[in-house]
Every structure is written in C-alpha cells, then in structure tokens.
Protein chains: 2
Amino acid sequence: MTPTSTPRPRWQRRSEDRPAELVAAALALFAERGFARTRLADVAARAHVSKATVYVYFANKERLFEAVVRETVTPNVDRAEALIRGYDGSTPALLRTLLLLFDGLLDSPMAAVLKVVLAEAGNFPELARVWGELVLQRMFALVQGVIARGIERKEFRVVNPAEMVPLVMSPLLLLGLWKHSLAPHVPVVLDRHAVLAAHADVLLRGLARPEDAHVQG
Amino acid sequence: MTPTSTPRPRWQRRSEDRPAELVAAALALFAERGFARTRLADVAARAHVSKATVYVYFANKERLFEAVVRETVTPNVDRAEALIRGYDGSTPALLRTLLLLFDGLLDSPMAAVLKVVLAEAGNFPELARVWGELVLQRMFALVQGVIARGIERKEFRVVNPAEMVPLVMSPLLLLGLWKHSLAPHVPVVLDRHAVLAAHADVLLRGLARPEDAHVQG
DNA sequence: TCTGTTATTGACTCTCGGGTCATTTAGTGC
DNA sequence: GCACTAAATGACCCGAGAGTCAATAACAGA
C-alpha cells in the first residue's frame, strides 16, 4: 500500500449506463421537489457525476424530465395492458383486479411524476402532450374496454363507457395526490385501502343491472 | 387644457384597497403560471403598483400566496355550508344539488388555486396546512354530514360516511385538474357535464338500499 | 400655504441556477 | 508504450427575479 498504489481513476467512462442513472436520480428529485425547485447540480451529484455531464446526455432540463416521464410510465402501462389481455374471468372481478393493480401504482414513483406533470403542464405543454400520449390515451382505452366488456357480457347495465373512465380513475388520482401532496402536512387521515374497497363496492353496485342488484362480484 | 392642466397625481394613496387588489392580481397570475413562475414584478404591474409596494403589504411571496388561498376559498366554502344548512328535501336530491354547486366551483379560480397548492405542498408545507384547515376539513365534514343524513333517513344503505367523502369529491378533483392542466394540451375530450351526470347516477345507485334499487332520486 | 406623516417608488443588491466551453483524462486500438 | 477518441469535468457566464432602502410625493390637518 504505497502512496502510489491507488490508481483508481477519478472518474469512469460509462456512456451505456449514465442516462439511466441520471434519469433515476432526476426522478427521485423531481418527485420530491417538483420541477422548478430541482437543481440540475443536485441531479448530477446524486448520479455521482458533474453537472456538465448531464448536458452531454440531455439537451436541457425539460428534456431530462421528458425522459423521466417516459421511463417511469411505460413499463407500468404495459403491465396493466398485459393484465387485461390475459384475463378471462368475470368483468366485476377484472375491474377489482385492475383497481388493485392501480393501487400498487400509487406507491410507485409514477404517482409523484403525475403530480409534477399536472403542476407543470401550463409551463411545459410538451410534457402534458407526452403524458397524454403515453399514459392517458392508453389507460383510457384500457378502462373503457373493461366497461364495454362488462356491458357486452350483460354483467353491467348499459352506460356510456367513455363517461365511466374518469369515475373509475378519479379516486386513484385523489389518493395519489393525497399521498404525495397533502397527507404529510394535514391532520386528516385517509385509510387508502378502505377507500378503495368502498370505491369498488359503490362502483360495482352503481354499474350492476337493476334486476340483479343483489349479486356482487 | 394648458400643459399644466393635468395635475393628476402620478400615483394615489389607497392603503385600504391595495391588499385586495394585490391579492386579485396575484390570484390571476398564480392560477395561470403556478407559484414559481409568477414574478412579483408582474403581480405588481397587474395591480398598477410598483414591486416595492407589494412588500409593504406582504412580507414575501409565500405570504402573498397564503392570502390568495384564504380569500379565494373561504367564500365558496361558506356558500356550500349555507346550502346544506337550509336544505330539507331528500338526501339524494341534496347530494345532486351539492354536486352541482361544486361543478360551479370548477369554473372559479378555486380550482386553479387547488392545483397550485397541490403542486407546491412539498415546498411550502404551510400552504398545505392552511388549505387543509380552511377547505379540506370543512368540506370533508360537509359531505360526510350529507352521507350520514342519508343513512339516518334510510335513503342510503349503511356505509362508512368518512370513506365516501373521497369518492364523492374525486371526480370533481379530476375534472378540475383536467380543465386547468391537461385539457389545453391533450387531444382527449371529456364532456364535463356528462361525466358529472354519470357520477351522480352511479353514486346514488351505489348508495341505494338494495331493496329499493329501482328508486332513483 | 405650509408642515408632518406615510404610502409609494426607482434604483439597487445579491443569490441562485441553467447552460456553455476549453481542457483534462479514461479507455481503445495499434 | 503511444496516439487517438470521446467521456467527463471545473470554471465560467449571464439572466432572472426575490427582496431592500433611501428618496419622493400624495394627502391631512392646521
């Protein structure tokens, strides 16, 4: 162990992994502080890299955030779509399963990203566009398909599936924002799983055909 | 009209009205651009006043926003409470009326303020606290009371009123955020009134007692 | 009309952070 | 070992915008 026995380089070239590492670091900070209050210097530090390196891989802050959105969101939507595709049980059960899966997403960084997108949509329309394209449209189609399936199979009464989508999703939105925005600072307590159970309950009763109102999936 | 015939002062002393004018100006800009991207210089300009004047009436940007929240929110919550207090019809009808009133709020600046509060809660916990105290708790109690009333009067089946509150409110949250964040930038179309009608419908069916599932308020 | 009070302001400071670039140095092929 | 490429960086610039303060001018009262 002579003084010269430490030839560890001061930095390494890792152009393969850098982008993903930067995105991960950025995700954590954007989620925690929002877009405006996140400093690229901090992102860089968290990825063990200098600020200038960020600019080697991303043109600017906004593009970095766009990358965060893409990476965070796509796998989750993929999973949801796969779940639906392979399902062949009753539609009420399918809807319950889907809600459970969304419930899981509330703990993922996706919920935090959503918060930031909503907050910054006005300042960065491009972000809103990306989100709309990558998440909204696919999720929308997904849920709408489930409702339509239920109607076709005479498990639900006849409603306009498009109008049901926001109703299905909105409690999840609320719970997500609750968790990431208000919960830490407000004394009100919300039992997430109780609310979700109640949601599934009310929703399925509300969708049931009047003649079999007693049957609950 | 001699050149000296224009003794209109370059500015006027109006310490009574200034705060309200500043709050109004600030509301418009915060709603439009969010907290971080709103410049106090612009707020001042919009209130026809210099930036330094803002600091005469508000200690800093955050306090100004706090004032905006208070002023924007209180009258609306008051109105909702008054509506409930004086009501003596059926509870389903009351719930429909309440939803209609909230629908109106979606067009008020309150929805925009909510967006900003959610976005900035992490950076300014005090804001979240104020919102929780001024709006959340009162609104929560309000809706919870309506549900409890319906159960007492045997118009609803027996549920946990506290769990229903988020279910009642969440579609409104979604529609509000939709309007102020995504709608302008995303090609998806949401028919607000259709969604709200569907919400009332599903909700009331979901709350109905099984034995009178056919009766719709 | 003069004087005192205070609301208002213009001009200033200072920090913060996004973005740039010339230079350094790790890794690669010969 | 040597030269070449490109990954990584430190030091820099610069605009933006929050917050300050001494000076100014509107109004009230006498």
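So that the names make sense, note that chain A is the first sequence line, chain B the second, and so on, each numbered from 1.
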Any chance you could list the contact pattern along nucleotides 20-26 of chain D? Use B for base contacts, S for sugar-phosphate-only contacts and - for none, protein heavy atoms under 4.0 Å, 5' to 3'. BB---SB
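Counting any heavy atom pair closer than 4.0 Å across all strands shown, A:Y57 reaches sugar-phosphate atoms only and no base atom.
For B:K51 and B:D42, the salt-bridge test fails: no basic side-chain N is under 4.0 Å from an acidic carboxylate O. Salt bridge present: A:R205 and A:D201 bring a charged side-chain N and a carboxylate O closer than 4.0 Å.
Along DNA chain D, the nucleotide nearest to B:E62 and the one nearest to B:R14 differ in position, and the one closer to the 5' end is contacted by B:E62.
For the residue pair B:T38 / B:R33, no side-chain donor-acceptor distance below 3.5 Å is found, with atom types taken as modelled.
For B:S15, counting side-chain heavy atoms from C-beta on, the closest listed nucleotide (D:dA8, C:dA7, D:dG19) is C:dA7.
Note on A:T53: every side-chain N or O is 4.0 Å or more away from OP1 and OP2 of D:dA8. For A:R18, a side-chain nitrogen or oxygen approaches OP1 or OP2 of D:dA8 to under 4.0 Å.
If you measure from atom CD of B:E16 to atom C1' of D:dC27, you get 14 Å, rounded to the nearest angstrom. Note: CZ (A:F58) to P (C:dG19) measures 14 Å, nearest angstrom. In this structure, A:L22 atom CG and D:dT9 atom C1' are separated by 14 Å, rounded to whole Å. In this structure, B:L40 places its CG atom 16 Å from P of D:dA16, rounding to the nearest Å. Taking atom CG of A:L29 as the reference point, atom C1' of C:dG17 lies 14 Å away to the nearest angstrom. The nearest whole Å value for the distance from the CG atom in A:N123 to the P atom in D:dG17 is 12 Å. Atom CZ of A:R39 and atom P of C:dG18 are 8 Å apart (whole Å). The nearest whole Å value for the distance from the CZ atom in B:R33 to the C1' atom in D:dA16 is 13 Å.
Among all heavy-atom pairs drawn from B:A67 and B:F58, the shortest one is CB-CE2, 3.6 Å.
By the 30° and 60° cut-offs, the orientation of the rings of B:F30 relative to B:F35 is parallel.
Rounded to the nearest 0.5 Å, atoms CG (A:D103) and CG (A:L196) are 5.0 Å apart.
A:K179 contributes no side-chain N or O that, together with a main-chain N or O of A:A111, makes up a donor-acceptor pair within less than 3.5 Å.
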